[in-house]
Protein chains: 2
Amino acid sequence: MDMQATIESATTAVNPTKVAIMDAAEKAILKNGYKAMSFRDLAAEVGIKSASVHYHFPTKANLVTAVMQRYKEEFAKRLILPKKKKSAAQKALNKFIDGFKETVVDQDNLSLCTVLSAEKNLLEPATIEELNEFYQLKLDWLGTVVSYMRKDWMTTEEVHNYASRILASLHGASVLVKATGNPDMFNQATVHWRDLIKHLDS
Amino acid sequence: MDMQATIESATTAVNPTKVAIMDAAEKAILKNGYKAMSFRDLAAEVGIKSASVHYHFPTKANLVTAVMQRYKEEFAKRLILPKKKKSAAQKALNKFIDGFKETVVDQDNLSLCTVLSAEKNLLEPATIEELNEFYQLKLDWLGTVVSYMRKDWMTTEEVHNYASRILASLHGASVLVKATGNPDMFNQATVHWRDLIKHLDS
DNA sequence: AGTTATGTATCAACTGATAGGTAAACAATA
DNA sequence: TATTGTTTACCTATCAGTTGATACATAACT
């Protein structure tokens with residue numbers, strides 16, 4: 001029987017073909033969306049036949065879930081919590097914004113989550129669950145980092161609001177860039193955070 | 001020969017079937033994305049056959065362009081410029097945010113532009129042009145309104161940044177709501193504007 | 001008579017998925 | 001060691017369903 005691709009990925013040894021398929025799938029989704037991604041196109045990119053893709057990922061739902069799960073895990077791996085110190089938190093948050101810009105905006109993409117959110121009704125519960133976990137991960141991290149930046153105590157509501165604001169800014173800015181085709185739009189929509197990060201401790 | 005559906009819509013008398021098709025198309029795109037929208041489904045919703053949909057809109061590209069154009073025009077119609085007065089501008093901006101929440105977030109949708117942006121590579125230049133114009137419309141309006149709210153002079157850069165920030169906030173917040181399934185997320189990510197609108201004149 | 005708005009019928013292309021074959025790698029055992 | 005069985009990873013071939021689009025017939029209104 002098949003193992004659940006959605007469960008094994010973190011522990012099992014990597015399979016080169018499987019990884020190549022997931023790479024191609026992620027790329028395809030970012031380019032044209034989930035619905036437009038086809039097994040045959042992925043197979044062609046990897047250099048195998050579409051039936052072989054089904055061997056590794058029985059269904060499309062299975063594949064997109066695996067891709068989303070990997071996306072989440074890779075992100076979590078790079079998302080280390082800074083020291084509970086103002087300057088470290090400031091640095092970490094600046095780096096978070098830089099990372100978003102480099103991996104998403106600079107490549108004229110939206111984030112995988114934004115794309116999948118737009119096609120959420122086509123996804124299965126398992127995929128949606130990965131989506132939720134990914135955002136919760138980001139929001140929790142942002143909340144913690146923001147709280148580290150302030151010497152005074154913040155209510156949980158205040159912390160949540162800051163985290164949501166920052167994440168919304170970044171995602172929205174990437175949509176603006178994509179829609180208008182103007183890369184400057186990202187900085188226009190987010191530079192204020194750079195200043196605010198410096199003065200958020202007050 | 002066929003008239004260009006992309007040109008006539010503003011001036012020509014409304015055609016009930018055509019309108020019904022566009023309504024169905026807009027709904028379908030918001031629900032599942034552009035790629036997943038099919039002529040047969042639209043036809044079924046309107047109560048005609050798919051060939052008849054092609055009679056009104058020769059190609060899918062033609063249809064989506066018409067839908068996007070109407071979306072833009074309808075939006076422009078409701079987007080009246082307030083008086084050059086602080087209180088009027090404040091009121092207008094609050095209403096803009098309310099409108100976005102009601103028409104997008106409260107219906108568990110993303111905006112049509114966000115969805116189409118995610119599938120931008122599948123669109124034809126004419127459709128993308130509509131997308132651009134729509135955002136320019138919003139950004140220009142926001143910039144003007146923001147400048148009305150400040151008694152001191154703002155650089156054009158400052159104005160642009162404010163407009164981009166606000167628009168990014170709203171769009172990003174709608175993505176957060178959709179992705180997490182948590183409607184509160186919109187207020188979390190945007191309440192600060194309500195306060196800021198009151199004190200933006202300083 | 002011509003235009004408008006539908007319908008029927010059909011096409012070629014593409015889709016996700018399955019059945020079943022094949023060869024190589026690996027494992028177990030005589 | 002040699003042989004056999006099993007698993008892994010591909011393949012070919014094919015299916016049924018969906019897609020955008022077209023050709024052509026039809027009826028109603030102008």
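The analysis underlying the following values was restricted to heavy atoms, covering all of them including side chains, and did not include hydrogens, waters or symmetry mates. Residue numbers start from 1 in every chain, and the chains themselves are labelled A, B, ... in the order their sequence lines are given, proteins ahead of strands.
Each of D:dA21, C:dT8, D:dC11 was ranked by its minimum atom distance to the side chain of A:Ile48; first place goes to D:dC11. In this structure, of C:dA17, C:dT15, C:dA5, it is C:dA5 that holds the atom nearest to the side chain of B:Asn15. Side-chain proximity of A:Ala51 to the nucleotides D:dG20, D:dT12, C:dA9 is greatest for D:dT12. Counting only heavy atoms from C-beta on, B:Asp41 has its side chain closest to D:dT19 among D:dA21, D:dT19, C:dA17. Distance from the side chain of A:His56 is smallest for D:dC10 among the nucleotides D:dC10, C:dA17, C:dG7.
With respect to A:Lys27 and A:Asp41, no salt bridge is recorded, no charged nitrogen being found less than 4.0 Å from a carboxylate O. Under 4.0 Å is where a charged nitrogen must lie from a carboxylate oxygen, and between B:Lys35 and B:Glu119 no such pair does.
Of the two residues contacting DNA chain D, namely B:Ala36 and A:Gly47, the nearest-nucleotide position lying further toward the 5' end is that of A:Gly47. Between A:Arg40 and B:Arg40, the residue anchored nearer the 5' end of DNA chain C, judged by the nucleotide with its closest heavy atom, is B:Arg40.
When the P atom of D:dT19 is taken as reference, atom NE2 of B:His54 falls 11 Å away, rounded to whole Å. The nearest whole Å value for the distance from the CG atom in B:Leu122 to the P atom in D:dG20 is 12 Å. Regarding B:Lys60, its NZ atom lies at a distance of 15 Å from the P atom of D:dT18, rounded to whole Å. What separates CZ of A:Phe39 from P of D:dT12 is a distance of 18 Å, to the nearest Å. The nearest whole Å value for the distance from the CG atom in B:Asn32 to the P atom in D:dT19 is 11 Å. As a whole-Å value, the separation of A:Ile21 CD1 from D:dC10 C1' is 11 Å.
OP1 or OP2 of C:dA5 has not a single side-chain nitrogen or oxygen of B:Ser52 nearer than 4.0 Å. Listed pair A:Lys49 / D:dC11 fails the phosphate criterion, with no side-chain N or O lying under 4.0 Å from OP1 or OP2. The phosphate of D:dT18 (OP1 or OP2) has no side-chain N or O of B:Ser38 nearer than 4.0 angstrom. Close to C:dT6, at under 4.0 Å from its OP1 or OP2, lies a side-chain N or O of B:Thr17. Neither OP1 nor OP2 of C:dT6 sits under 4.0 Å from any side-chain N or O of B:Tyr55.
Between A:Phe96 and A:Trp141, the angle of the ring planes stays under 30°, which puts this pair in the parallel group of the 30/60° scheme.
A donor-acceptor pair is defined here as one N or O able to donate and one able to accept, closer than 3.5 Å; such a pair exists between the side chain of A:Thr190 and the backbone of A:Phe186. Between the side chain of B:Thr180 and the backbone N or O of B:Leu176 there is at least one donor-acceptor pair closer than 3.5 Å.
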